[in-house]
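A short write-up of the structure that comes next.
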Protein chains: 2
Amino acid sequence: MKVLDSPFARKLSAFVTLSEDDLRALSDLYGRRRKYPAGRDMSHEGQKNPVAYILAEGWVCSYKILPSGTRQIVDFQIPGDFLGLRSVLFRTSDHSVEPITRVEASEIIASDLLEAFAKRPRLAAAVLWAASRDEAMVVEHLVGLGRRDAPQRMGHFLLELGARLRLIGRGTKAGFDCPLSQYHLADALGLSSVHVNRVLRQLREDGLCTFRRGQVEFDDYDKLVEMAEFDRSYLDHDGPLLK
Amino acid sequence: MKVLDSPFARKLSAFVTLSEDDLRALSDLYGRRRKYPAGRDMSHEGQKNPVAYILAEGWVCSYKILPSGTRQIVDFQIPGDFLGLRSVLFRTSDHSVEPITRVEASEIIASDLLEAFAKRPRLAAAVLWAASRDEAMVVEHLVGLGRRDAPQRMGHFLLELGARLRLIGRGTKAGFDCPLSQYHLADALGLSSVHVNRVLRQLREDGLCTFRRGQVEFDDYDKLVEMAEFDRSYLDHDGPLLK
DNA sequence: AACCACGGCTAACATGGATCAGTCGGACGC
DNA sequence: GCGTCCGACTGATCCATGTTAGCCGTGGTT
């Protein structure tokens with residue numbers, strides 16, 4: 001039961017049915033578990049020989065800093081998400097990672113991962129599915145930055161986060177706990193923190209959703225979906241072809 | 001020699017040394033070669049059972065249409081690039097593909113690909129490297145949309161395209177042929193076509209680069225690199241760990 | 001030859017969001 | 001208890017970019 005209850009197993013199980021053996025192989029994967037305090041970077045751009053993790057507890061963000069000093073957050077990772085899956089295949093990490101809260105993460109050894117894939121194809125399929133979903137999220141994020149205005153971006157972002165959290169049992173259609181500051185939102189959505197504040201007030205006054213003191217509440221879920229043009233199909237595309 | 005001269009082989013060879021046998025396995029991969037006229041979509045979002053291709057000739061773009069009718073181009077593919085590598089693993093294609101010029105593409109059968117990977121690890125490494133580079137480009141694109149202004153975005157985009165084309169022998173530091181319309185640029189860079197025109201004029205008047213009649217000329221490469229804060233390390237990261 | 005469609009190009013005007021310059025309240029250190 | 005720091009919050013102003021409404025040249029069609 002312990003494994004099944006981990007956010008990672010919950011997420012994968014939502015889309016590929018995993019057997020007892022699959023789950024056991026999954027739990028064998030976890031290497032040493034490490035804790036990181038909030039705030040200090042876990043890795044930064046250009047670092048050599050990086051490690052991959054599965055997030056067990058806490059939130060982190062992956063970002064890039066531009067020469068001008070501004071930053072762009074590419075993605076947030078929540079419990080159950082992979083961290084640095086790509087940078088373990090290639091020698092150089094191409095972005096920095098900052099823990100937003102206190103974090104617990106399990107190290108993943110690349111060779112163990114490949115071995116488990118060879119033995120348990122369904123597990124490989126599930127992990128690939130997760131990686132592909134992450135990529136789809138980045139693309140959707142890109143589309144938002146290019147073609148959505150600030151309120152839509154904000155609404156879309158909160159709805160996506162909510163959907164991801166529900167998958168691991170940390171949120172409902174009513175809302176979720178959210179440790180992000182308005183600066184995090186600004187750096188993710190390509191806005192200034194000042195404007196983030198204005199947009200949040202707007203959403204609150206329009207009765208769409210309320211973000212206050214680390215809590216997101218969806219005041220009118222359907223109306224928010226409509227305003228943000230949120231189409232969640234990119235989050236739960238069909239599983240991989242291999243049965 | 002024929003295989004070695006294909007844009008795909010040139011691109012891969014630039015980063016992973018491939019043996020004669022690797023190259024032979026590569027040429028076996030190519031399935032039926034198909035031609036598509038410019039303009040009509042090759043595939044659209046939501047399509048089932050899509051196919052993967054390697055582009056042999058011509059340019060295409062992958063894009064998403066928003067409910068409002070605007071579109072965001074996620075990426076351009078040029079000869080040697082994969083097309084729909086991810087959508088072959090998953091049942092649904094999550095974006096549309098439009099040929100910009102007349103296109104020739106070779107169909108890739110998923111099972112052939114996996115088989116080739118099993119037999120020729122270096123080939124697998126090379127293809128993975130290419131996929132990873134594509135992902136890094138999407139991330140860089142996202143950062144640009146979030147945190148760079150229009151002239152920087154434009155400069156960055158043209159420099160990146162130039163670097164990619166040089167890799168397959170279709171451009172130099174002096175410039176390259178470019179079949180994109182200003183509308184394509186607008187949809188890729190998240191701008192209006194009017195503003196694209198303004199920005200291009202600006203770059204020309206500043207002596208940085210000239211885009212006219214299907215030709216990009218870098219008038220002052222180094223100054224353009226500096227203005228756009230172009231750091232090409234994301235394009236040629238080290239190869240994968242597996243030797 | 002006349003027509004039309006399309007892409008490049010431009011000016012005038014409108015506006016979303018950035019920037020600047022703060023206030024305020026709560027948490028924390030001493 | 002007092003400073004200090006951080007994040008939320010706000011108003012005033014400015015500017016980058018969008019929008020609207022065209023013109024022009026070219027190439028294709030009838």
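Of the residues in residues 202-215 of chain B, not one places a heavy atom less than 4.0 Å from an atom of DNA chain D. The stretch residues 147-159 of chain B has no heavy atom under 4.0 angstrom from DNA chain C at all. Against DNA chain D, the stretch residues 188-199 of chain A makes heavy-atom approaches under 4.0 Å through A:Val194, A:Asn197, A:Arg198.
A salt bridge (Lys or Arg N to Asp or Glu O under 4.0 Å) with A:Glu57 holds for exactly one of A:Arg170, A:Lys35, A:Arg33; it is A:Arg170.
In summary, the aromatic rings of B:Tyr63 and B:Phe76 are positioned with their centroids too far apart to meet the 6.0 Å limit. Between B:Tyr53 and B:Phe82, a ring centre-to-centre spacing not shorter than 6.0 Å is recorded.
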For the pair B:Asp219 and B:Thr210, evaluate side chain to side chain donor-acceptor pair (under 3.5 Å) and give the outcome as yes or no after the intermediate values.
CA-CA 7 Å; B:Asp219 300 321; B:Thr210 309; 2.5 Å; yes
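The aromatic rings of B:His156 and B:Tyr234 lie parallel to each other, their planes meeting at an angle below 30°, with 60° marking the opposite boundary.
Nucleotides of DNA chain C lying under 4.0 Å from heavy atoms of chain A occupy a range whose first and last members, 5' to 3', are C:dG17 to C:dC20.
Ion pairing between a basic and an acidic side chain is recognised when a charged N comes within 4.0 Å of a carboxylate O; A:Lys11 and A:Asp81 show such pairing. No salt bridge links A:Arg133 with A:Glu140; every basic N to acidic carboxylate O contact stays at or beyond 4.0 Å. Salt bridge present: B:Arg71 and B:Glu98 bring a charged side-chain N and a carboxylate O closer than 4.0 Å.
The separation between B:Leu145 atom CG and D:dA16 atom P is 19 Å, rounded to whole Å. The CG-P distance, from A:Asp187 to D:dG7, rounds to 12 Å in whole Å.
For B:Glu229, the CD atom sits in a packed shell: over 12 heavy atoms of surrounding residues, nucleotides or ligands are nearer than 6.0 Å. Heavy-atom contacts from other residues, nucleotides or ligands closer than 6.0 Å to CD of A:Gln215 number more than 12.
Side-chain N or O atoms of B:Arg34 include none that pairs as donor or acceptor with a backbone N or O of B:Ala105 at under 3.5 Å. The main-chain N or O of A:Ala38 is never found under 3.5 Å from a side-chain atom of A:Arg102 such that the two would form a donor-acceptor pair. One N or O on the side chain of A:Asp231 and one on the backbone of A:Ser233 form a donor-acceptor pair closer than 3.5 Å. Side chain of B:Gln72 to backbone of B:Asp187: a donor-acceptor contact under 3.5 angstrom is found.
Every residue two or more places apart in sequence or in another chain was checked for a salt bridge (charged side-chain N to carboxylate O under 4.0 Å, His left out) with B:Arg198, and none qualifies.
For the helix from C:dA1-D:dT30 to C:dC30-D:dG1, the axis fitted to the five pairs at one end and the axis fitted to the five pairs at the other end meet at an angle of 40° (nearest 10 degrees).
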